[in-house]
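For reference, the structure is listed below as structure tokens.
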2 protein chains.
Amino acid sequence: MVEQEPATLDAVFHALSDSTRRAMLRELAGGEQSVSALAAPFSMSLAGASKHVKVLESAGLVRRRIAGRTHYCRLDAARLAEAEAWLRYYERFWTRRLDTLEALLKAEDERQREGENP
Amino acid sequence: MVEQEPATLDAVFHALSDSTRRAMLRELAGGEQSVSALAAPFSMSLAGASKHVKVLESAGLVRRRIAGRTHYCRLDAARLAEAEAWLRYYERFWTRRLDTLEALLKAEDERQREGENP
DNA sequence: GCTATCCTAAACCATATGGTTGAACAAGAG
DNA sequence: CTCTTGTTCAACCATATGGTTTAGGATAGC
């Protein structure tokens with residue numbers, strides 16, 4: 001996990017940094033949706049929502065299936081998993097650091113207890 | 001996990017969407033660093049790097065401790081954990097969907113086997 | 001064929017972002 | 001006190017972003 005594809009992560013995290021797009025992903029977690037269905041909940045032009053879908057798509061977070069005149073979108077979990085892996089990798093460091101801190105505190109605590117009972 | 005603090009997640013994911021900032025976080029995973037130490041690896045003015053640190057800070061990802069004239073930064077894992085929780089929450093949906101799909105395929109497979117051996 | 005529907009494309013706008021430089025400021029070092 | 005170091009601030013610039021409106025391209029329905 002040494003930042004293999006920065007551009008990809010850039011795009012994924014950027015796509016996630018907008019609450020409209022996160023809401024769309026949330027909707028897609030329930031299943032495939034057309035672009036207009038995805039756009040419906042927002043007080044925004046369809047063209048505007050379509051741009052958001054495009055951002056999600058070009059980040060690799062959703063895939064598009066065109067059936068006639070309607071475009072159906074569905075989640076592509078792989079890229080989200082990549083992002084999560086990134087976070088989890090570093091979380092390992094933090095928790096390790098926290099564990100170390102905890103161990104130090106415990107050791108110190110025990111040293112003090114020994115002092116109390118000579 | 002129903003998008004409680006969109007602004008916060010906006011800021012966190014936006015902060016993560018830049019490879020310079022991710023590299024800084026990676027550096028901070030190893031321990032506290034001064035701003036100039038964080039800036040050193042990049043071919044960028046100190047002021048530019050300082051802005052990145054500020055973005056990380058205002059997203060709540062790092063905390064700053066000022067000692068004399070040097071500013072020391074360290075990770076604050078809480079917000080990163082929030083972001084990871086967001087991803088993991090939705091990952092649950094995807095994996096559940098994948099599990100469902102797998103179960104359906106398996107059932108279908110078994111039905112076909114039964115057909116082979118009447 | 002005609003019309004309504006789904007969606008994208010293009011042009012445009014305001015604002016945000018990532019970068020620069022130069023100045024300012026506080027605090028160690030001599 | 002002076003000089004250097006660590007850092008931010010302010011002004012500026014180019015480009016990206018999120019939104020709009022209008023127009024256009026397929027396709028479904030009548």
Side-chain angles (χ1 to χ4, degrees), chain A residues 3 6-28 31-75 83, chain B residues 3 6-28 31-75 83:
Chain A
E3 194 83 6
T8 297
L9 277 179
D10 281 15
V12 170
F13 282 126
H14 170 249
L16 293 175
S17 74
D18 182 283
S19 70
T20 299
R21 289 191 289 264
R22 286 198 305 277
M24 286 178 167
L25 291 178
R26 192 190 317 154
E27 196 60 33
L28 289 173
E32 207 177 49
Q33 296 281 343
S34 73
V35 170
S36 50
L38 281 175
F42 306 103
S43 56
M44 181 190 302
S45 68
L46 179 62
S50 170
K51 278 190 178 183
H52 281 297
V53 172
K54 201 172 180 180
V55 170
L56 290 169
E57 190 186 13
S58 56
L61 294 175
V62 316
R63 299 231 288 213
R64 186 187 302 251
R65 171 175 72 84
I66 301 179
R69 64 186 171 183
T70 85
H71 295 205
Y72 293 100
C73 302
R74 62 181 182 76
L75 274 175
Chain B
E3 193 84 5
T8 297
L9 276 178
D10 280 15
V12 169
F13 282 126
H14 171 249
L16 293 176
S17 74
D18 182 284
S19 70
T20 299
R21 290 192 288 265
R22 286 197 304 277
M24 286 179 167
L25 291 179
R26 193 190 317 155
E27 196 59 33
L28 288 173
E32 209 177 49
Q33 296 281 343
S34 73
V35 171
S36 51
L38 280 175
F42 306 103
S43 55
M44 182 189 304
S45 68
L46 179 61
S50 170
K51 278 189 177 183
H52 281 297
V53 172
K54 201 173 182 182
V55 169
L56 291 169
E57 190 186 14
S58 56
L61 293 176
V62 316
R63 300 230 290 213
R64 188 188 300 253
R65 173 175 69 87
I66 301 178
R69 65 187 169 182
T70 85
H71 296 206
Y72 293 101
C73 302
R74 63 181 182 78
L75 273 175

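Below, read A as the first sequence line, B as the second, and so on, with proteins coming before strands; counting in each chain starts at 1. Remember, it's a predicted structure, so these values are computed and weren't measured experimentally.
One interatomic measurement links the two molecules: NE2 of H52(A) to P of dT20(D), which rounds to 8 Å at whole-angstrom precision. Put simply, CD1 on I66(A) is 10 Å from P on dT27(D), counting in whole angstrom units. Taking atom CZ on F13(A) and atom P on dT17(D), their separation rounds to 16 Å, with Å as the unit. One interatomic measurement links the two molecules: CG of D10(A) to C1' of dG18(C), which rounds to 12 Å at whole-angstrom precision. The interatomic distance linking H71(A) (NE2) with dA28(D) (C1') rounds to 14 Å, in whole Å.
Counting heavy atoms from C-beta outward, F42(A) and H52(A) have side chains that stay 4.5 Å or more apart. The shortest side-chain heavy-atom distance between L61(A) and V55(A) does not fall under the 4.5 Å cut-off. Counting only heavy atoms from C-beta outward, the side chains of L16(A) and L9(B) never approach each other to under 4.5 Å. Taking the side chain as every heavy atom from C-beta outward, R21(A) and H14(A) approach each other to under 4.5 Å.
Contact between the side-chain N/O atoms of K54(A) and the OP1/OP2 oxygens of dA9(C) is found at a separation under 4.0 Å.
Contact annotation for L46(B): base contact, defined as any heavy-atom pair under 4.0 Å involving a base atom. Among the protein residues, S34(B) comes within range of the sugar-phosphate backbone only, with heavy atoms under 4.0 Å from sugar or phosphate atoms but none that close to a base. Note on S45(B): a base of the nucleic acid sits closer than 4.0 angstrom, heavy atoms only. As judged by a 4.0 angstrom heavy-atom cut-off over every strand, G68(B) is placed among residues touching the sugar-phosphate backbone only.
One finds the CG atom of L38(B) at 11.5 Å from the OG1 atom of T20(B) (value rounded to the nearest 0.5 Å).
Closest to the side chain of K51(B), from the set dG18(C), dG19(D), dG19(C), is dG19(C). Distances from the side chain of M44(A) to the nucleotides dG6(D), dG19(D), dG19(C) place dG19(D) closest. The listed nucleotides are dA9(C), dT7(D), dG18(C); the one nearest the side chain of A47(A) is dA9(C). Looking at the side chain of D18(B), the nearest of the listed nucleotides dC9(D), dG18(C), dC7(C) is dG18(C).
Annotation: of the two residues near DNA chain D, R69(A) and Y72(B), the 5′-most nearest-nucleotide partner is Y72(B). Across the interface with DNA chain D, nearest-nucleotide mapping of H14(A) and T70(B) shows T70(B) to be the residue nearer the 5′ end.
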